[in-house]
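Input: a single structure, listed below in structure tokens.
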Amino acid sequence: MTTKTVLITGALAGIGRATSFEFAKQGFNVVISGRRADAGQALASELAALGGQVLFAKADVSIESEVESLIQTVLAQFGQLDIAINNAGVEGTLGAITSQTESNYRHTFDTNVLGTLLLLKHELNAMQRQGQGSIVNLSSIVGQVGAPGAAVYAASKHAVEGLTKSAALEVAPLGIRVNAVAPGPVDTDMLNRFVGGDEAIKNGFLSSVPAKRAASAEEVAKTIVWLAAFGSTYLTGQSVAIDGGYTAQ
Ligand SMILES: NC(=O)c1ccc[n+]([C@@H]2O[C@H](COP(=O)([O-])OP(=O)(O)OC[C@H]3O[C@@H](n4cnc5c(N)ncnc54)[C@H](O)[C@@H]3O)[C@@H](O)[C@H]2O)c1
């Protein structure tokens, strides 16, 4: 068991929610963050029933003042931030590049890229003062390969990969690790929105995955916990594909 403190953004659904449970089961102090206070408090109660210390802190990751006060809240409550899982993300409006809009680009990049940058900035400030820490950003297989019909989302996740590598290089001498995970299809609300709620489209997509299925959120969560907390202390600047073999093709 451990008394380390972990922050998880976008914790109220999907992969973030599953990751919160995995960390809570391992005995971490868990700070869950999201934008809906009622759902946040309800999840905090569920997690606290597992026995550890849990705090919900409301924040929109695309707004710097909210990110800054989120990190201050973690430090005020637990004294330090050992691990951060920068998970909040949106797929935006999908469709061919010829149908894309400036507002969709700004919304997607504000959440996925600016959000990750702001979190890294304030998390690394805290971790540099501590002299230790570990961060995992949520990329995607489409942060590593192209995605026709999802170019804006794919570009935003390629940017997350660039932020991850650059941040890792900036802080490697300080004993702080920064990595990413790049999931393939994961059985969450996002995947269902991605395929427009159409089972036939979903099955067509899944047939292109060597493992012939989506990952569960719990499978992804277990890898995130391993990478952030228990993975090799020499592993940094990497993006670990959790994709049933998709990017090995
Ligand atoms: N589901 C997949 O197939 C899949 C695959 C690869 C990568 N991912 C990535 O994994 C992460 C989690 O995805 P998911 O499937 O759990 O999605 P989800 O939509 O189920 O959950 C995402 C959570 O992030 C929150 N969020 C969105 N914008 C936010 C903001 N500005 N501030 C704070 N919270 C915000 C949402 O409210 C939601 O609770 C995302 O970064 C996503 O891009 C998902």
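Order of listing sets the numbers, starting from 1, for every ligand and every atom in it. One is the number of the first residue; the rest follow in order along the sequence. Side-chain atoms are counted along with the backbone in the values below, which use heavy atoms only and exclude waters and symmetry mates.
In terms of polar-atom proximity, V61 is counted as a contact of ligand 1, with an N or O under 3.5 Å from an N or O of the ligand. Close N/O approach between N87 and ligand 1 is found [any backbone or side-chain N/O within under 3.5 Å]. Taking any N or O of I15, backbone or side chain, at least one lies under 3.5 Å from an N or O belonging to ligand 1. Any N or O atom pair closer than 3.5 Å counts here, and S62 shares no such pair with ligand 1.
Of all protein heavy atoms, the one lying nearest to atom 7 (C) of ligand 1 is S139 O, 3.2 Å.
For ligand 1, the atoms sitting less than 4.0 Å from at least one non-hydrogen atom of G184 are 3 (O), 5 (C), 6 (C), numbered in the order shown with element in parentheses. Residue-ligand proximity, V90 to ligand 1, at heavy-atom distances under 4.0 Å covers atoms 27 (C), 28 (N). Which parts of ligand 1 touch V186 is read off a 4.0 Å heavy-atom cut-off, strictly below it: atoms 1 (N), 2 (C), 3 (O). Of all atoms in ligand 1, listed by their number and element, those nearer than 4.0 Å to a heavy atom of Y153 are 7 (C), 8 (N), 9 (C), 42 (C), 43 (O). Listed by number with element, the atoms of ligand 1 under 4.0 Å from a non-hydrogen atom of P185 are 3 (O). Against a heavy-atom cut-off of under 4.0 Å, L138 is close to the following atoms of ligand 1: 10 (O), 11 (C), 41 (O). Numbered from 1 in the order shown, with element, the atoms of ligand 1 that lie under 4.0 Å from a heavy atom of T111 read 28 (N), 29 (C), 31 (N).
Using a 4.0 Å heavy-atom cutoff, A59 is listed among the residues neighbouring ligand 1.
With salt bridges taken as basic N to acidic carboxylate O contacts below 4.0 Å, one links E219 and R213.
Inspection of the H122 and E64 side chains reveals an N or O donor paired with an N or O acceptor under 3.5 Å.
Using bins of under 30°, 30° to 60° and over 60° for the plane-to-plane angle, the ring pair F205/F194 lands in the parallel bin.
With a 4.0 Å heavy-atom cut-off, ligand 1 is reached by the side chain of R193 but not by its N, CA, C or O.
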